[in-house]
Structures are given as C-alpha cells and as structure tokens.
Student: 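Would you mind keeping the following structure in view while I ask a few things?
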Amino acid sequence: MRKILAIGLSIAMVLSLTACGNSDKKTSKGNGKTFTVGFDAEYPPYGYMDQESGEYVGFDLELAEKVCEIEGWELEKKPINWDTKDTELNSGSIDCIWNGFTINNRENDYEWSEPYINNTQVIVVSGDSGIVSLKDLKDKVVGVQAASAAESLFAENGSQYDLGKTFKSINPFSDYNTAFTELQSGSIDALAIDIGVANYQLKERGEGYVILDEQLNSEQYGVGFKKGEKELCDIINKDLKKLYEDGTVEELAKKYDIDPTMICIGE
C-alpha cells in the first residue's frame with residue numbers, strides 16, 4: 001500500500017513540476033522577459049556577426065538591446081533566413097522582425113512600429129562596367145536579395161517593373177555577401193541594394209565598385225510584428241522615441257556609419 005501511495009505521490013509531484021514549468025515559461029513569454037528578434041545575420045550595418053568577437057552586432061540589434069535595457073528584458077538575437085521570416089514570425093519563434101525591414105507595400109501584412117530610418121534602394125556596379133545610369137542596365141543580369149524590397153521593386157506590381165523588364169534576368173541571392181562575390185566575378189552585372197548596406201559593403205571591400213547616382217526608390221524601415229501584436233509594438237514605439245530624444249539613436253547611427261539624416265523617428 002505504501003509503495004502504491006509513494007508511486008502515486010511521485011507521479012503527482014512530476015505532474016505538478018511539469019505544470020509549474022509550463023506555467024513559468026508561459027509567464028516569462030507573456031510578460032516579455034525574453035524578447036526574441038529575428039534578423040538577417042549577413043546584413044551589415046544593421047545586423048551581422050563581428051568577426052573578431054564572434055558576436056552578433058549592428059545598428060538594429062543595438063537598438064533592440066537598448067529597448068531591453070529600458071524594459072528589463074533579456075534579448076535573444078535569432079538569425080533567420082530572410083525568405084522564411086514570415087514562417088518564423090507566425091510560428092511564434094520570434095517576437096518581431098527587426099533588421100532593415102521595409103514597411104512600404106507591406107503596410108497591411110504586419111503590425112508595424114513607427115518608421116525609424118528613411119532608406120533608398122540603389123544600384124551597385126563594378127567600376128569598370130561601363131554602366132553609368134539605369135538605362136544602361138538593359139540586357140544586363142541584376143542581382144537582388146531573395147524576398148527583399150529590392151526584388152519587389154521589379155515584380156509585376158512593383159514601381160520599377162518596366163525597368164526590370166529590360167533586364168536580361170533578375171538573380172535572387174540568399175544574402176548580399178554572396179551577391180557581391182558574384183558581382184566581383186562578373187556572374188552578375190549589377191546589384192540592387194539598400195543604400196546603407198551598399199555604403200558599408202563598399203567601405204569594407206575597398207575600391208572597384210560604384211553606386212549609380214540614380215536611385216530606384218525611397219522607403220522606410222520599421223519593426224514588424226505579427227498582426228494584432230499591438231501592445232508589444234506600442235512599447236517599442238515608446239522606447240524608440242525615448243532613445244531618439246536622449247541621443248542614443250543618433251549615437252548608434254554614427255557608430256555604424258549610418259547617415260544621421262536618415263533617422264526619421266518622430267517625423
């Protein structure tokens with residue numbers, strides 16, 4: 001009888017501990033103690049791995065860290081494949097997408113923070129390519145990041161659809177490091193890319209590349225949450241405004257060589 005009772009008590013204790021564990025996890029998730037940011041780990045200066053420290057750094061990731069400091073949250077930086085970002089967000093494995101994420105033409109797809117960066121899409125070519133204007137891209141191979149705003153520009157309803165039709169082909173890449181390697185080798189003739197990322201890549205890679213004077217478009221970055229996640233979004237908006245007002249955002253922009261005039265918080 002005692003043996004049966006002991007076994008029963010043991011099972012009850014295991015069930016109780018399991019329930020408590022699940023309850024704690026739910027509570028931790030619910031009150032936001034862990035804030036999981038999904039980002040492209042090869043998207044400098046907004047999110048990337050520092051080769052010396054082996055840590056993920058970048059303008060967007062440091063902004064997220066500052067928000068977590070204000071809220072007393074623990075930040076989890078989760079690298080994701082950019083073309084599976086929606087799956088990550090909708091499954092709940094990340095709380096938001098925060099990494100040079102373009103709001104324009106996605107306004108109804110996510111719960112958006114207020115814009116914080118004014119961005120432009122530009123074309124990068126090799127210095128000896130002979131390409132000096134957008135019209136020179138006719139019959140050329142143009143690279144884009146898969147599922148990016150740049151790729152969307154040339155899609156059927158994109159603002160640069162007519163321009164895209166003149167290309168020989170549009171080649172999507174998983175990340176811009178690969179795309180630059182292809183540009184250097186001559187496998188592609190040009191690369192459509194965000195201005196901040198272009199400036200960073202050209203600075204790191206040295207001479208040999210040119211950004212065309214003509215821009216493809218203007219757009220804005222925001223933090224993207226799952227539809228309906230307004231409470232968390234409102235917290236981020238409040239904290240971003242605070243970080244802008246105390247000079248932190250501008251300080252981080254200078255740290256990562258982002259033109260401070262691109263900051264648009266509070267506009």
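The first residue of the sequence shown is numbered 1, and numbering continues consecutively from there.
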Student: Run the side chain to side chain contact (heavy atoms under 4.5 Å, CB included) check on R106 and W112 step by step: do they pass?
Tutor: CA-CA 9 Å; R106 297 186 178 116; W112 285 105; 3.9 Å; yes
Student: Could you tell me the separation between the CD1 atom of I193 and the OG atom of S148, rounded to the nearest 0.5 Å?
Tutor: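 These two atoms lie 9.5 Å from each other.
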Student: Within the structure provided, determine whether I97 and V223 are in side-chain contact (heavy-atom separation under 4.5 Å).
Tutor: no
Student: Are more than 12 heavy atoms from other residues, nucleotides or ligands located less than 6.0 Å from atom NZ of K66?
Tutor: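 Not buried by this count: 12 neighbours or fewer within 6.0 Å.
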Student: Below 3.5 Å, can you tabulate the donor-acceptor pairs from side chains in residues 156-167 to any protein atom, sequence neighbours excluded?
Tutor:
unit_1 : atom_1 : unit_2 : atom_2 : d
Q160   : NE2    : L216   : O      : 2.8
T166   : OG1    : L163   : O      : 2.6

Student: I want to check something: taking the side chain as every heavy atom from C-beta on, are Y176 and D40 in contact at a cut-off of under 4.5 Å?
Tutor: no
Student: Would T248 and D246 count as having a side-chain donor-acceptor pair, cut-off 3.5 Å?
Tutor: yes
Student: Once you round to the nearest 0.5 Å, how far does CG of N108 lie from CG of N105?
Tutor: 10.5 Å
Student: Minimum heavy-atom separation for G196 and N119, please, with both atom names.
Tutor: N-OD1, 4.2 Å
Student: Within a radius of less than 6.0 Å around CD of E107, do more than 12 heavy atoms belonging to other residues, nucleotides or ligands occur?
Tutor: yes
Student: Mark yes or no for whether E151, through its side chain, and A147, through its backbone, hold a donor-acceptor pair below 3.5 Å.
Tutor: yes
Student: Provide the closest heavy-atom pair for T120 versus S218 in the form atom of the first, atom of the second, distance.
Tutor: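 Nearest pair, atom of T120 first, then S218: CG2-OG, 3.8 Å.
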Student: Using 30° and 60° as the class boundaries, would you call the ring planes of F39 and Y56 parallel, tilted or perpendicular?
Tutor: perpendicular
Student: Got F180 and L202 here, is their nearest side-chain heavy-atom distance under 4.5 Å?
Tutor: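 Yes; the side chains approach each other to less than 4.5 Å.
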Student: Is the gap between the ring centers of F101 and W82 under 6.0 Å?
Tutor: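 Yes, the ring centres sit under 6.0 Å apart.
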Student: Okay, side chain of E111, backbone of G228: is any donor-acceptor separation there less than 3.5 Å?
Tutor: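 Yes; at least one donor-acceptor contact below 3.5 Å.
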Student: Set out, in order, the CA-CA distance, both residues' side-chain angles and the distance that settles side chain to side chain contact (heavy atoms under 4.5 Å, CB included) for D257 and N199, then state yes or no.
Tutor: CA-CA 9 Å; D257 290 326; N199 286 334; over 6 Å; no
Student: Go through the steps to decide whether W73 and T34 satisfy the test side chain to side chain contact (heavy atoms under 4.5 Å, CB included), and finish with yes or no.
Tutor: CA-CA 6 Å; W73 297 345; T34 299; over 6 Å; no
Student: Let me see the working for E88 and K78 under salt bridge (Lys or Arg N to Asp or Glu O under 4.0 Å), right down to the final yes or no.
Tutor: CA-CA 10 Å; E88 297 279 359; K78 185 172 181 180; 3.4 Å; yes
Student: Do the side chains of D189 and L137 get nearer than 4.5 Å, heavy atoms only?
Tutor: no
Student: May I ask you to say whether E251 pairs ionically with K255, meaning some side-chain N is under 4.0 Å from a carboxylate O?
Tutor: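 The answer is no: the pair does not qualify as a salt bridge.
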Student: Is any side-chain heavy atom of V144 closer than 4.5 Å to a side-chain heavy atom of F173?
Tutor: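 Contact flag for V144/F173 side chains = no.
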Student: Could you tell me which non-hydrogen atom of I94 sits nearest to which non-hydrogen atom of I80, and how far apart they are?
Tutor: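 Heavy atoms of I94 and I80 come nearest at CD1-CD1, 4.3 Å.
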Student: Measure centre to centre between the rings of Y256 and Y200, then say whether the value is under 6.0 Å.
Tutor: no
Student: Go through the side-chain N and O atoms of D60 and Y116 and say whether any donor and acceptor fall under 3.5 Å apart.
Tutor: yes
Student: Taking everything shown except K227 itself, do over 12 heavy atoms lie less than 6.0 Å from its NZ?
Tutor: yes
Student: Should we count CG of D213 as having more than 12 external heavy atoms under 6.0 Å?
Tutor: no
Student: F225 and D95: which non-hydrogen atoms are nearest, and at how many Å?
Tutor: CD2-O, 3.4 Å
Student: Are side-chain N/O atoms of T102 and E219 paired as donor and acceptor at under 3.5 Å?
Tutor: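 Distance-only check passes for T102 and E219.
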Student: Looking at E71, E245, E114, which one forms a salt bridge (charged side-chain N to carboxylate O under 4.0 Å, His left out) with K238?
Tutor: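 When salt bridge (charged side-chain N to carboxylate O under 4.0 Å, His left out) is applied between K238 and each of E71, E245, E114, only E71 qualifies.
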Student: Regarding S126 and D128, do their side chains bring together a donor and an acceptor under 3.5 Å, going by distance alone?
Tutor: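 Short answer, no.
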Student: To the nearest 0.5 angstrom, please state how far the OG atom of S113 sits from the NZ atom of K241.
Tutor: 14.0 Å
Student: Do V249 and I265 make a side-chain contact, defined as non-hydrogen atoms from C-beta onward lying under 4.5 Å apart?
Tutor: yes
Student: Examine distances only and state if a side-chain atom of T36 and a backbone atom of E76 form a donor-acceptor pair shorter than 3.5 Å.
Tutor: no
Student: Take D83 and Q145, measure what side chain to side chain donor-acceptor pair (under 3.5 Å) needs, and give me the verdict at the end.
Tutor: CA-CA 9 Å; D83 55 354; Q145 185 180 31; over 6 Å; no
Student: Is any side-chain heavy atom of I123 less than 4.5 Å from a side-chain heavy atom of I211?
Tutor: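 A side-chain contact is absent here, since even the closest heavy-atom pair is not under 4.5 Å.
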Student: Using atom types as modelled and distance alone, determine if a side-chain donor or acceptor of S129 lies under 3.5 Å from a backbone N or O of V125.
Tutor: no
Student: May I ask whether F154 and I188 are part of the same hydrophobic cluster, defined by side-chain heavy atoms of I, L, V, M, F, W, Y residues being less than 4.5 angstrom apart, directly or through others?
Tutor: no
Student: Using the salt bridge (Lys or Arg N to Asp or Glu O under 4.0 Å) criterion, which residues pair with E65? Sequence neighbours excluded.
Tutor: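 Partners of E65 by the salt bridge (Lys or Arg N to Asp or Glu O under 4.0 Å) criterion, ordered by chain and then number, come out as K77.
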Student: Taking everything shown except K140 itself, do over 12 heavy atoms lie less than 6.0 Å from its NZ?
Tutor: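 Yes - once you tally the heavy atoms of other residues, nucleotides and ligands closer than 6.0 Å, there are more than 12.
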Student: Establish whether Y221 and I195 are linked, either directly or via other cluster members, by ILVMFWY side-chain heavy-atom contacts under 4.5 Å.
Tutor: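 Same cluster: Y221 reaches I195 through Ile, Leu, Val, Met, Phe, Trp or Tyr contacts under 4.5 Å.
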Student: Any idea which heavy atoms bring V210 and G127 closest together, and the distance?
Tutor: CG2-CA, 3.7 Å
Student: Is a donor from one side chain sitting under 3.5 angstrom from an acceptor on the other, for T84 and N81?
Tutor: no
Student: Have N217 and Q121 got a donor and an acceptor in their side chains that come within less than 3.5 Å?
Tutor: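 Per modelled atom types, N217 and Q121 side chains form no pair under 3.5 Å.
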Student: Does one hydrophobic cluster hold both L243 and L232, with members joined at side-chain heavy-atom distances below 4.5 Å?
Tutor: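 Same cluster: L243 reaches L232 through Ile, Leu, Val, Met, Phe, Trp or Tyr contacts under 4.5 Å.
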Student: Between the side chains of N171 and S169, does any donor sit under 3.5 Å from an acceptor?
Tutor: yes
Student: Hey, does the side chain of D136 reach the backbone of S133 with a donor-acceptor pair shorter than 3.5 angstrom?
Tutor: yes
Student: Rounded at 0.5 Å granularity, tell me how far CD in E55 sits from CG in L61.
Tutor: 11.0 Å
Student: On a heavy-atom basis, which atom in A179 and which in L191 lie closest, and how many Å separate them?
Tutor: CB-CD1, 3.6 Å
Student: Hey, does I103 have a side-chain heavy atom less than 4.5 Å from the side chain of P115?
Tutor: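 In contact.
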Student: Let me check something: do I236 and L252 share a hydrophobic cluster, defined by ILVMFWY side-chain heavy atoms less than 4.5 Å apart, either directly or through other members?
Tutor: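 Yes: a chain of side-chain contacts under 4.5 Å links I236 to L252.
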Student: Can you list the residues that meet the side chain to side chain donor-acceptor pair (under 3.5 Å) rule with Y43, with sequence neighbours excluded?
Tutor: D194
Student: Using 0.5 Å steps for rounding, measure from the CD1 atom of I117 to the CG atom of L63.
Tutor: 8.0 Å
Student: Walk me through it: do K85 and L89 pass the test side chain to side chain contact (heavy atoms under 4.5 Å, CB included)?
Tutor: CA-CA 6 Å; K85 57 187 177 294; L89 186 64; over 6 Å; no
Student: With no hydrogens and no angle check, just 3.5 Å: does a side-chain donor-acceptor pair link Q201 and N177?
Tutor: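 Checked: Q201/N177 side chains pair up, N/O donor to acceptor below 3.5 Å.
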